[in-house]
Amino acid sequence: MFLSVFDVFKIGIGPSSSHTMGPMSAANRFLDLILSSDWPRPAGAQVATIRMSLHGSLAYTGVGHGSDRAVVLGLMGERPDSVDPDRMDAIIGEVERTGRITPPGHPGYAFQPKTDLIFDKKNPLPGHANGMTFSAYDRDDRLLLKRIYYSVGGGFVVTDTELEQMRASKARAGDKKVPFPFASAKQMLEMAGRSGMTIAQMKRANEEATMSRMELDSGLDRIWGAMKSCIDRGLKNEGIMPGGLKVRRRARSIHDKLQEEWRSNKANPLLANDWLSVYAMAVNEENAAGGRVVTSPTNGAAGVVPATIRYYLHFHEDADQDGIRDYLLTAAAVGGIIKHNASISGAEVGCQGEVGSASAMAAAGLAAVMGGTPEQVENAAEIALEHHLGMTCDPIAGLVQVPCIERNALGAVKAVTAASLALKGDGVHFVPLDACIETMRQTGVDMNEKYKETSTGGLAVNVVEC
């Protein structure tokens, strides 16, 4: 099994990798398909109109997550990693005003967001909770092309056929030939033992089977650069976040207080936790506002990994750029195992799959750069994930704000605690990471749908919206 570090960490826009980046990428794919020869186009037929529908979790919480906006942007040819957040409102306004989408390289198509984009809460699609249907019609309103896409977490988008193929090949090794094709934590530790290499070194070897070392390091540095920029923006911005809950940004004011304490040398027994929390909250406030973030492994959990890296740089005197690269490679190795054997989608397994996975990845990365053995790294990931098991995904009003922003702060704190506990042991522990991942998968299967990113249970219904 091979999942690239650049599949785990993807640069995009908030507030949700499944609900924003996924639908935008699906729209991109449908546009590419229209221009291709991969479908039986009737002689002389020309696409005139595009319509689409959102199903399952996308239908229930799509408005709060900005799924409708993401679809419009995607149909205008904008892509998650390159769209200018400052231009998004203008692009969407143009489509609403003209009733047409005009993606580059296309003749333009009729598309009225209010009538051609449907939130279908009554008809979930069978493959996954995050389902979408795109359809293209000719001038006589005859259906020419229809495709179903699923947003399966972390910005990944697959067709219904691709999803079936993924599930059928789950037990097999990945398609790409890599020197260390571990598909489980057990295999990862066995390969580390035989090779004498760290997890980061094995992951690097796998990545360098498909790219140069310079390309890999440049990509890793770009990921951290995007994370760091997101933290910095979140620490500077203030005000009310969009969506109607009137939740105020807090990261800047907390940061100002911490800076004041730092300058005055005032004793603060909670100092490390406070810095961790403010870094994580800064990222997720940016995410909630639709800013540029990095899936880590999702947008809803995007604050945990950056917060712990910034913590590492802040408090560890030996921290450097090579350490950040090793951190990201180790975290991606753990994230890939979790995605392969369970899920990182809140709509599929609840928030244990999002913040829980992020905390496990962060704990592993931190333990690695603090000198942990592969066994201690695996132990750190297991501790962090174990103590997120059963966590539901119940965003109030479908917005990635409450409880999501603070939940990232706590996920970062748990990650550091897990790494510390693991490093104080010898790597021998009772619950293997693989068993914990399988428990998360089973718990997700048993979890009631109202607790899986539908905003129909939990805090989403027990807290009165203001």
Side-chain angles (χ1 to χ4, degrees), residues 3-36 38 50-59 61-62 65-85 87-88 91-92 95 101 103-106 109 111 113 117 125 127-136 145-163 165-166 223 226 287 290-302 339 343-348 354 400 453:
L3 190 67
S4 173
V5 63
F6 303 116
D7 290 327
V8 177
F9 298 112
K10 294 193 288 294
I11 298 172
I13 59 167
S16 170
S17 50
S18 293
H19 290 65
T20 308
M21 292 172 61
M24 189 184 298
S25 295
N28 295 157
R29 289 193 62 175
F30 191 68
L31 288 177
D32 292 342
L33 179 62
I34 289 175
L35 293 183
S36 76
D38 295 338
I50 291 178
R51 300 188 182 109
M52 72 86 57
S53 55
L54 298 164
H55 301 261
S57 175
L58 293 179
T61 63
H65 285 79
S67 300
D68 48 348
R69 291 169 54 86
V71 167
V72 173
L73 290 168
L75 289 175
M76 284 291 280
E78 300 291 342
R79 298 186 180 272
D81 62 344
S82 59
V83 62
D84 182 353
R87 292 190 61 245
M88 293 192 299
I91 295 170
I92 293 168
V95 175
I101 50 174
H106 291 254
Y109 313 108
F111 184 81
L117 196 162
L125 298 178
H128 190 278
N130 293 328
M132 297 162 276
T133 300
F134 286 81
S135 303
L145 175 64
K146 179 179 179 179
R147 283 291 186 275
I148 292 174
Y149 297 95
Y150 293 106
S151 182
V152 295
F156 287 88
V157 171
V158 294
T159 65
D160 49 353
T161 302
E162 290 166 347
L163 183 64
Q165 293 171 344
M166 281 171 49
I223 289 170
N287 180 62
R292 192 177 302 284
V293 298
V294 180
T295 61
S296 311
T298 67
N299 282 22
K339 179 173 173 57
S343 175
I344 59 171
S345 170
E348 199 166 26
E354 296 205 31
V400 191
E453 209 170 7

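Along the sequence shown, residues carry numbers from 1. Note that this is a predicted model, so its numbers are computed, not measured.
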How long is the gap from [atom1] on [X] to [atom2] on [Y], to the nearest 0.5 Å?
X    : Y    : atom1 : atom2 : value
H106 : L35  : NE2   : CG    : 3.5 Å
H55  : L125 : NE2   : CG    : 4.5 Å
E78  : D84  : CD    : CG    : 8.0 Å
R292 : S82  : CZ    : OG    : 7.5 Å
E354 : S296 : CD    : OG    : 11.5 Å
S67  : M132 : OG    : CE    : 8.5 Å

Close side-chain approach of [X] and [Y], heavy atoms under 4.5 Å:
X    : Y    : answer
L73  : V95  : no
I34  : I50  : yes
M52  : P23  : no
N130 : V152 : no
H128 : V158 : no

Nearest atoms (heavy-atom pairs only) where [X] meets [Y]:
X    : Y    : result
N287 : S16  : OD1-N, 4.2 Å
S17  : S151 : O-OG, 4.0 Å
G290 : I13  : O-CB, 4.1 Å
G154 : T298 : N-CG2, 3.8 Å
V400 : G300 : CG1-CA, 4.0 Å
N28  : P80  : OD1-CD, 3.9 Å

Derivation of the side-chain contact (heavy atoms from CB on, under 4.5 Å) call for L31 and Y109: CA-CA 11 Å; L31 288 177; Y109 313 108; 4.3 Å; yes
Those residues that, when tested against [X], pass side chain to side chain contact (heavy atoms under 4.5 Å, CB included) (two or more places apart):
X    : result
R147 : F30, L33, W39, L145, Y149
S135 : T133, Y137, L143, K146
A27  : L75, F134

Short side-chain to backbone donor-acceptor contact, N299 and S18, under 3.5 Å: no
Under 3.5 Å donor-acceptor, Y150 side chain and L163 backbone: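 Not at all, since once roles are kept as given, no pair shorter than 3.5 Å links the two residues.
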All pairs passing salt bridge (charged side-chain N to carboxylate O under 4.0 Å, His left out) where residues 16-35 contributes a residue, at least two apart: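 Applying salt bridge (charged side-chain N to carboxylate O under 4.0 Å, His left out) to every pair that reaches into residues 16-35, excluding sequence neighbours, yields R29-E162, D32-R79.
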Sequence neighbours excluded, every pair satisfying salt bridge (charged side-chain N to carboxylate O under 4.0 Å, His left out) that has a member inside residues 10-19: none
Residues which pass ring-ring contact (aromatic ring centres under 6.0 Å, His included) with F6, listed by chain and number, not counting sequence neighbours: none
H19 side chain to S57 side chain, donor-acceptor N/O pair below 3.5 angstrom: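 Per modelled atom types, H19 and S57 side chains form a pair under 3.5 Å.
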